[in-house]
S.K.: 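Encoded as structure tokens, here's the structure I'll be asking about.
Just so it is clear, the values below take in all heavy atoms, side chains as well, and ignore hydrogens, waters and symmetry mates. Start at 1 with the first residue, then count along the sequence. Counting convention: from 1, in listed order, for ligands and their atoms alike.
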Amino acid sequence: MAPVIALLPADRSATADHDYTRQYVADFVERWDELIDWEKRAAGEGSFFFDLLRQAGAWRVLDAATGSGFHGAQLHKAGFDVTACDGSATMVDRARRNFDRLGVDVPVHRCEWQALDARVLGRFDAVLCLGSSLCHLFDRDARIAVLKRFRQMLKPGGMLLIDQRNFEAILAGRFTSSGRYYYCGNSASITIGELDEAVCEFVYRFADGAQYRLRVCPIRPRHLQEELREAGFRTVSAYGDFKPIYDVMDVDFVIHKAHI
Ligand code: SAH
């Protein structure tokens, strides 16, 4: 009898969604910088993060979801004292190679957010969690626990800068990716696959046919602000695509600034 070959669909179980390390597979991570286009991303952001950090007098900075190291490298070049962390081994390896290539001396640690320890790394003037990274956590309590952990990594008066894709607009069916911010490369298109209140799937299609998916929790910006307050941050303000005044239905990313 001929063998039965089961054609299983790609693993889209909740378990797979919750394990972000499985989503950042080696060949996707190899192409992460192609997706970003560092030069265009730097031009799109301008001095936004540097200015916020300088205004806050923040020099010692933890880039807690460094990915391939974009902000770690930019901040180091701008004179900040940066430590980079990420929980994905493939991303950490990529960040190390990028720092070596650029000749920037930034320490990189592989570390789950929940395992961040101020006794090991010291405390920071600012913690950065950028690139919509927190949306990898689907559970509200788990996010609040991580935000509390970020708070514990801060010196008194410290600041957390945390951003996210604008799921308010995305859930209203208004996904745009202007290409001016964050993902500026032009060799991939980004579209939305599955979408509901529980999951948002981004489909990255590269010109050569390669396709990758990231499945994250579509946290609404106002909900993340509530979570920040619940985690003990006192003042929380937001920017849309780096501007303090914005239309929440008309921006790609929202950046939250939270102080303890
Ligand atoms: N900040 C980078 C990377 C964003 S991608 C950029 O903007 O380009 C999201 C990153 O968050 C990934 O590198 C992923 O490994 C990391 N991440 C997600 N959940 C994490 C967790 N629980 N602990 C540590 N890192 C995590």
S.K.: For residues Tyr204 and Phe28, establish whether the separation of their ring centroids is below 6.0 Å.
M.R.: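 When the ring centroids of Tyr204 and Phe28 are compared, they turn out to be within the sub-6.0 Å range.
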S.K.: Under a 4.5 Å cut-off applied to non-hydrogen side-chain atoms, are Cys135 and Arg165 in contact?
M.R.: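 They are not in contact (no side-chain heavy atoms under 4.5 Å apart), so the answer is no.
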S.K.: Given side chains that start at C-beta, do those of Ile190 and Val203 come closer than 4.5 Å, heavy atoms only?
M.R.: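 No, side chains not in contact.
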S.K.: Salt bridge (Lys or Arg N to Asp or Glu O under 4.0 Å) for Arg97 and Glu30? Distances and angles first, verdict last.
M.R.: CA-CA 11 Å; Arg97 281 187 283 139; Glu30 279 307 305; 2.6 Å; yes
S.K.: Enter the distance from Arg205:CZ to Gln211:CD here, rounded to the nearest 0.5 Å.
M.R.: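 Those atoms lie 4.5 Å apart.
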S.K.: If the criterion is any heavy atom closer than 4.0 Å to an atom of ligand 1, which residues make the list?
M.R.: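 Within 4.0 Å of ligand 1, the protein residues are Tyr20, Tyr24, Trp32, Ile36, Arg41, Ala65, Thr66, Gly67, Asp86, Gly87, Ser88, Met91, Cys111, Glu112, Trp113, Leu130, Gly131, Ser133, His136.
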S.K.: Would you confirm whether Arg149, through its side chain, and Gln114, through its main-chain N or O, come within 3.5 Å as a donor-acceptor pair?
M.R.: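 The answer is yes, because a donor-acceptor pair under 3.5 Å joins these two groups.
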